[in-house]
Protein chains: 2
Amino acid sequence: METVTIKDIAKALNLSTSTVSRALRGSYEISPETKKVVLEYAEKINYRPNPIALSLKENRSRSIGVIVPEIDNPFFSQAINGIETIVYNRGYHALIFQSYESYQREVINVQHLASRRVDGVLISLSGQTTDIDHLRELQDKGMPIVFFDRFSDEINTHKVIADNFDGAFKATEHLIKSGRRRIAHIAASASLSITKERINGYRAALNKYQRPIDDTLIKYCGYSLVEVDNVIGELLADSNPPDAIFTASDRLAVSCLTALKNKHVDIPKQIAVVGFTNLKVAHLFDPPLSTVMQPAMEMGQTAAELLLDLIERKSKAPITYQTIKLPTEMIIRESC
Amino acid sequence: METVTIKDIAKALNLSTSTVSRALRGSYEISPETKKVVLEYAEKINYRPNPIALSLKENRSRSIGVIVPEIDNPFFSQAINGIETIVYNRGYHALIFQSYESYQREVINVQHLASRRVDGVLISLSGQTTDIDHLRELQDKGMPIVFFDRFSDEINTHKVIADNFDGAFKATEHLIKSGRRRIAHIAASASLSITKERINGYRAALNKYQRPIDDTLIKYCGYSLVEVDNVIGELLADSNPPDAIFTASDRLAVSCLTALKNKHVDIPKQIAVVGFTNLKVAHLFDPPLSTVMQPAMEMGQTAAELLLDLIERKSKAPITYQTIKLPTEMIIRESC
DNA sequence: AACGTTGCCGATAACGATTGCGTAAATTTA
DNA sequence: TAAATTTACGCAATCGTTATCGGCAACGTT
């Protein structure tokens, strides 16, 4: 990879590198003629400044790091699209990393981003993460961090989340109102903020309608079909099995439907199902899947804007961190 | 972002930076005692080498660039997962960029990757791309490039593709064998290699069974529901409408199903549908969608391995570029 | 005539890490 | 004991870019 540098221009035009540099940046100290010559030659030989040299010199990279649990999940890929639109428009780049729901991988990613001198980090925590020292260290070094979707209370910074409580509340309420009497909830990793919020919404709806809360109906569960299948097995084996299931995530909803179909359970007659997913194909399902949708793209955009504001702010005044909660939407289809 | 550098270590231990550097790299020129002191102190203050400085010096970054049309597409996100597994195991990082099917965006991404000094590029072309000068230039500068899925014939390099011809052939053949008499094909962007290969497979199957090839049954189409809806409208309005549709991509299959359902077409009775998709939820559809699946993850892995081999090869001997074709799998469900 | 101002530009030092070369001290060899 | 060699380290250049500092004309001002 041979590349054109500012030195090549300087040598060719018999100028110093400083003059070339200044000419390229339009400094007033350089005469219009010199500027013209330099700019034209730079254009001609297709000069591109080396961002690596800039990063080294300025200790910043005009790029941000984005850590998500998994790209192969429509919620996160849509959020990333939101992030990129904002970030590009403001002259930055997004470096995307996946934790694959692994704590260890998340720590490695965080360290790598730090050494890459990203100017800030957007992160949605892995399902395994309980200890957030790696992020606290990063923040202590002065790195701006913004959480989206899955956050930790132990770090004081901007957070952009969906109204998980309200989404879960609406889903549970709808099931109650449509006559379901025993509503189970299949939740994701217990350590996640979204899990807690959604369970709280579920409980609150049951409370509002004076329904008993049966903790055996709340199942924490990994994403794999095997795990979900086991959980569904337990629920169905109960002497008083549920007539509805509210599922707390994309992956869980899909595994749940698959498991129920494998067991030839009639949806919604025998068991109604509501998911919490951003699948764009839920309307094609049999039956069409009712779901609580999150404004994934908007969450990404909002988080990116907050992060860039943090990065670019000049004032040394203490920051008032915000938690922005975006509304969820309940989409009712035939699965409930 | 204050960070620890080799200088800090040198100053603290009263050594020169060169000694510290060599000690950290385990050079034989450094005495065991000095090494020990340096390593322990580096560990203690949590020293991490600055990859940016290394990139600048060595003109390489131990990272590769990956350009895909869109992450929010299961085929590509799965391929990326395959790429990352390989790349990480071999000590590299993957920088992921999206062209959003835009030629202009693809060019910008390519240039950015070049200036970032990635050691190689994995790319799947955007649907708009017909001119590949941006890639040719890059290759001329010595940048290793490997195509996966969507390639260009005009660049001589490794290519990893699915057996699109065979997949399309099998899909069409299955439709013929199950008694369908007029089989339409909804194709993606005409300029894409995958489009051509799939159309050829479709034609070959029709030929084999001596069916007439009616070019009005082949529709090139964008991904949006509106466009697909129009195309379906045209097909249905025909005096002799098709009784089967073979759809050439993830997005098209979904839009196609949606459009057919909106028009209350009975699938598969009135029209059978086969997709070409990596949707992990196709079995949940109504009706379960028959589909040709590509080994997305494996394609990513293979492409990544080829690229890393190109990057790390020492010999100056001319390279024999390969085109690796991985088998597709036809999954028959109730939609046909 | 002496000095200050302004316009235009160059030399140099940094950013962090590596590396070829030089060299003093320690050790071995003759 | 002197010479030769080895050991163990420091110096300085390098990668591409910019900021700082300064130089040097050509002016104008007193």
Side-chain angles (χ1 to χ4, degrees), chain A residues 1-39 41-42 45-63 111-112 114-119 141-142, chain B residues 1-39 41-42 45-63 111-112 114-119 141-142:
Chain A
M1 275 291 299
E2 340 116 20
T3 34
V4 180
T5 79
I6 221 168
K7 258 188 216 166
D8 300 322
I9 302 180
K11 214 172 292 172
L13 301 182
N14 242 324
L15 292 167
S16 75
T17 58
S18 9
T19 303
V20 174
S21 170
R22 272 184 286 232
L24 291 171
R25 325 201 85 234
S27 162
Y28 66 95
E29 296 183 87
I30 306 297
S31 73
E33 306 91 67
T34 310
K35 268 184 200 163
K36 185 154 171 276
V37 175
V38 170
L39 286 173
Y41 187 73
I45 64 173
N46 202 23
Y47 167 79
R48 303 262 169 253
N50 183 334
I52 298 190
L54 275 237
S55 291
L56 180 60
K57 183 142 181 48
E58 301 183 354
N59 211 29
R60 68 197 222 108
S61 58
R62 285 212 157 265
S63 63
Q111 289 173 348
H112 183 71
S115 68
R116 281 252 174 190
R117 299 296 184 277
V118 293
D119 301 338
K141 282 191 197 161
Chain B
M1 274 291 297
E2 338 117 20
T3 34
V4 180
T5 78
I6 222 167
K7 255 188 219 168
D8 301 322
I9 303 180
K11 215 172 292 174
L13 302 181
N14 241 327
L15 291 168
S16 75
T17 59
S18 19
T19 304
V20 175
S21 170
R22 276 185 272 245
L24 290 171
R25 323 205 86 236
S27 162
Y28 65 94
E29 292 185 89
I30 307 297
S31 75
E33 308 91 64
T34 310
K35 268 185 200 164
K36 185 155 170 279
V37 175
V38 170
L39 287 173
Y41 187 72
I45 63 172
N46 201 24
Y47 167 79
R48 305 262 169 253
N50 182 334
I52 298 191
L54 274 244
S55 291
L56 181 60
K57 184 148 180 40
E58 300 182 355
N59 212 27
R60 67 200 223 91
S61 59
R62 286 212 155 266
S63 63
Q111 289 173 346
H112 183 71
S115 67
R116 281 251 174 193
R117 299 297 184 276
V118 293
D119 301 338
K141 283 191 199 163

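Proteins come first, then strands; the chains are lettered A, B, ... in the order of their sequence lines, and each starts at number 1.
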A:K11: partners by salt bridge (charged side-chain N to carboxylate O under 4.0 Å, His left out), with sequence neighbours left out: none
Whole-Å gap separating P (C:dC9) and CG (A:N14): 13 Å
Partner set under side-chain contact (heavy atoms from CB on, under 4.5 Å) for B:T34, not counting sequence neighbours: B:L15, B:T19, B:I30, B:S31, B:V38
Phosphate OP1/OP2 of C:dC9 contacted by A:S31 side-chain N/O (<4.0 Å): yes
Partners passing salt bridge (charged side-chain N to carboxylate O under 4.0 Å, His left out) against A:R22 (at least two apart in sequence or in another chain): A:E29
B:L56 CG to C:dA14 C1', straight-line distance once rounded to whole Å: 12 Å
Distance test, side-chain N/O of B:T34 to OP1/OP2 of D:dC9, below 4.0 Å: yes
First of B:E58 and B:E33 reached from the 5' end of DNA chain D, by closest nucleotide: B:E33
With sequence neighbours excluded, residues passing side chain to side chain donor-acceptor pair (under 3.5 Å) with B:T5: none
Contact under 4.0 Å: A:K7 side-chain N or O vs D:dC15 OP1/OP2: yes
Separation of atom CG in A:L24 from atom P in D:dG16, rounded to whole Å: 15 Å
Side-chain heavy-atom pair A:V20, A:L13 within 4.5 angstrom cut-off: no
B:R25 side chain, from C-beta outward: closest of D:dT18, C:dG16, C:dT18: C:dT18
Check nucleotides 24-26 of chain C for protein N or O atoms closer than 3.5 Å to its own N or O atoms and list the pairs.
none

A:V4: partners by side-chain contact (heavy atoms from CB on, under 4.5 Å), with sequence neighbours left out: A:D8, A:I45, A:Y47
Integer-rounded Å distance: C:dA13 P and A:K57 NZ: 13 Å
List every contact pair, protein side and nucleotides 23-28 of chain D side both N or O, where the distance is under 3.5 Å.
none

Contacts of type side-chain contact (heavy atoms from CB on, under 4.5 Å), residue B:N14, not counting sequence neighbours: none
Distance, nearest 0.5 Å, that separates CG of B:N50 from OG of A:S55: 9.0 Å
Value rounded to 0.5 Å, distance of OG in B:S63 from CZ in B:R117: 11.5 Å
Could I get a table of every N or O pair under 3.5 Å where one atom is in the protein and the other is in nucleotides 20-23 of chain C?
from   : atom 1 : to    : atom 2 : distance (Å)
C:dG20 : O6     : B:R22 : NH1    : 3.3
C:dG20 : O6     : B:R22 : NH2    : 3.0

Sequence-distant partners of B:S21, side-chain contact (heavy atoms from CB on, under 4.5 Å), two or more places apart: B:I6, B:R25
Separation of C:dC15 P from A:N50 CG (nearest whole Å): 18 Å
Residues in side chain to side chain donor-acceptor pair (under 3.5 Å) contact with A:R48, at least two apart in sequence or another chain: A:N46
Sugar-phosphate only, base, or nothing, as touched by A:L15 at under 4.0 Å among non-hydrogen atoms: sugar-phosphate
Euclidean distance, atom CD1 of residue B:I6 to atom P of C:dG16 [Å, nearest integer]: 11 Å
N or O in side chain of B:S16 less than 4.0 angstrom from D:dG10 OP1/OP2: yes
Residue met sooner reading DNA chain D from 5', once B:I30 and A:S21 are mapped to nucleotides: B:I30
OG on B:S61 to CG on B:L56, rounded to 0.5 Å: 12.0 Å
Sugar-phosphate only, base, or nothing, as touched by B:R48 at under 4.0 Å among non-hydrogen atoms: sugar-phosphate
d(CZ, B:R60; C1', C:dA17) in whole Å: 14 Å
Any B:Y28 side-chain N or O less than 4.0 Å from OP1/OP2 of D:dT6: no
Partner residues of A:K57 under the salt bridge (charged side-chain N to carboxylate O under 4.0 Å, His left out) criterion, sequence neighbours left out: none
Euclidean distance, atom NZ of residue B:K11 to atom P of C:dG16 [Å, nearest integer]: 10 Å
